[in-house]
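What follows is a single structure, written as structure tokens, with notes after it.
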Amino acid sequence: MDPLSYNSPAAILEQTASQLGCSPVDKKLAFHLDEQDGLRHFKDCFHIPKVKHLPSADTTLVNGERDSVYLCGNSLGLQPKKVKTYLDEELDKWATTGVYGHHNGKRPWIFGDECIVDLMTDIVGAKKEEVALMNGLTVNLHLLMLSFYKPTASRHKVLLEAKAFPSDHYTVESQIRLHGLDVQKSMLLVHPREGEETLRTEDILSIIEKEGVSIAVILFSGVQYYTGQLFNMPKITKAGQEKGCFVGFDLAHAVGNVELYLHDWGVDFACWCSYKYLNSGAGGLAGAFIHEKHTHKIKPMLIGWWGHKVTTRFQMENELELSSGINGFRLSNPSILLVSALHASLEIFSEATVKALRKKSVLLTGYMEYLLKHYFSEDKTNPENPFVKIITPSCVEERGCQLSLTFSLPIKTVFEELQKQGVVCDIREPNSLRVAPVPLYNSFEDVHRFIEILGSALAVAKHPSSDGKLCNASC
Ligand SMILES: *Cc1c(COP(=O)(O)O)cnc(C)c1O
């Protein structure tokens, strides 16, 4: 990462505010930063839900015609306006030419996935031959594990973070059982230290150092879905590989959020979904990566016709000519509807570039952190005041755009109040509220508005009888 572009966001905010002659918490600063934002026009590429269309919003509290404050791109990205156009193109082609669509038009269906794979490789930092677009994320994780997880008597463990996303946890459990092994003995979880929420890199590395020779696969997320922690992927990869382990990453919350250099980092395998920061729509086409160094060594355990080389695939001779690397892992012909939706989104990323988005993101999330700390830090001299704790690391190299918050008041009330006033975010059990300002379509003004609304939500949660119009963040 380029350390210069990651100058402390707080310092940039304070310096800019002082040039403007205002306080860093003044709304003026938000307007100024939006004006200066070279990426702000990308917002127009997306449909932003209006308050009146949100099922939980209360239009007696907030103007229904306003755009919502959408901070949920970590869960489901917004719809690019071009999705409909691209879907229509394929639907029209199907309606007017039927089966000829396989070979004709902008996205010949037999090359549907391959037409757009170049746009994805830039986002994950891989070569074209290292990436395939197929299936859903969990399916890809299973397919990769089938080939990378080959337990032996002495090397049979899988290392992953405690409280990994359920699907990843179940994938590992079921893969261990598939080999007739005992989950208790073969599944190794890294826990945070007592009283801490996130994992220390030093602790991850020290487990790898200690247990490495018995670990077959290290499987971490790139960005943790609950805490928002960005793991040090190059370090984990290097440490694991030095001990002879394969190292793979689930990039569901990292892709389209932070810069990735899978090839240069030497990561063995990775997979990701495309409906979070990549905005491809619920259940969108997922991605998978196998490093070039494994091209001729790692083979798929399950094979379908889409893994057969395209040059002879349609001769139907039933003599397999397997595509090399990840392309041999493809099983079925890809859904052109999913390809089209993803295409619309990836074109926007190609124009904006992850590098520029990440630079904005660091400042945007830094701005949210700054305001949260300013208004809602714990005040020990005033224990009655509600406060907000940020469990996401404050170091910008250890997080993406999401902040995970906990509250001194009942989180459900705070969440309900936010929803009523047109903020879209989510809570994850047991008690974290996730808010993700997304640099493609969120503004500094969005962040400022969120903070104002959070102020009144906390006031309501503290005195449930008040009407939500009371704003203690007088900003
Ligand atoms: C979102 C997410 C999933 C979801 O899996 P699907 O197969 O797309 O349903 C899995 N793992 C992680 C870490 C996620 O964040």
Salt-bridge criterion met for [X] and [Y] (N-O under 4.0 Å):
| X | Y | value |
| --- | --- | --- |
| Asp34 | Arg40 | no |
| Lys238 | Glu242 | yes |
| Glu130 | Lys127 | no |

Under the 3.5 angstrom rule, does the side chain of Ser68 hit a backbone N or O of Pro49 as a donor-acceptor pair?
-> yes
Is the side chain of Thr121 donor-acceptor paired with the backbone N or O of Asp118 at a distance under 3.5 Å, no angle test?
-> yes
Stepwise, does the salt bridge (Lys or Arg N to Asp or Glu O under 4.0 Å) test hold for Lys420 with Glu416?
-> CA-CA 6 Å; Lys420 273 192 205 165; Glu416 274 165 24; 6.0 Å; no
Any residue meeting salt bridge (Lys or Arg N to Asp or Glu O under 4.0 Å) with [X], in chain and number order, not counting sequence neighbours:
| X | result |
| --- | --- |
| Lys81 | none |
| Glu378 | none |
| Lys235 | none |
| Lys412 | Glu429 |

Pairs in or reaching into residues 402-436: which pass ring-ring contact (aromatic ring centres under 6.0 Å, His included), with residues at least two apart or in two chains?
-> none
Sort and list the pairs that fulfil ring-ring contact (aromatic ring centres under 6.0 Å, His included) and have at least one residue in residues 218-239, not counting sequence neighbours.
-> Phe165-Tyr225, Phe220-Phe231
Is the count of non-hydrogen atoms from other residues, nucleotides or ligands lying under 6.0 Å from [X] atom [atom1] greater than 12?
| X | atom1 | result |
| --- | --- | --- |
| Lys84 | NZ | no |
| Glu202 | CD | yes |
| Lys243 | NZ | yes |

Give the minimum heavy-atom separation between Leu76 and Tyr70, together with the two atoms involved.
-> O-OH, 2.6 Å
Leu20 to Lys28 - nearest heavy-atom pair and separation = CD1-O, 4.2 Å
Given side chains that start at C-beta, do those of Ile218 and Phe246 come closer than 4.5 Å, heavy atoms only?
-> no
Holding to side chain to side chain donor-acceptor pair (under 3.5 Å), I want the full list of residues that pass it with [X], two or more places apart in sequence or in another chain.
| X | answer |
| --- | --- |
| Ser404 | Gln402 |
| Lys462 | none |
| Gln15 | none |
| Ser221 | Glu161 |

So, is the end of the Arg107 side chain (NZ or CZ) under 6.0 Å from the ring centre of Tyr86 and within 45° of the ring's axis?
-> yes
Pairwise salt bridge (charged side-chain N to carboxylate O under 4.0 Å, His left out) hits with a residue in residues 54-74, at least two apart = Lys50-Asp67, Lys52-Glu65
If you look only at pairs with a residue in residues 265-275, which of them pass as a side chain to side chain donor-acceptor pair (under 3.5 Å), with sequence neighbours excluded?
-> Gln241-Asp268, Asp268-His294, Ser274-Ser280
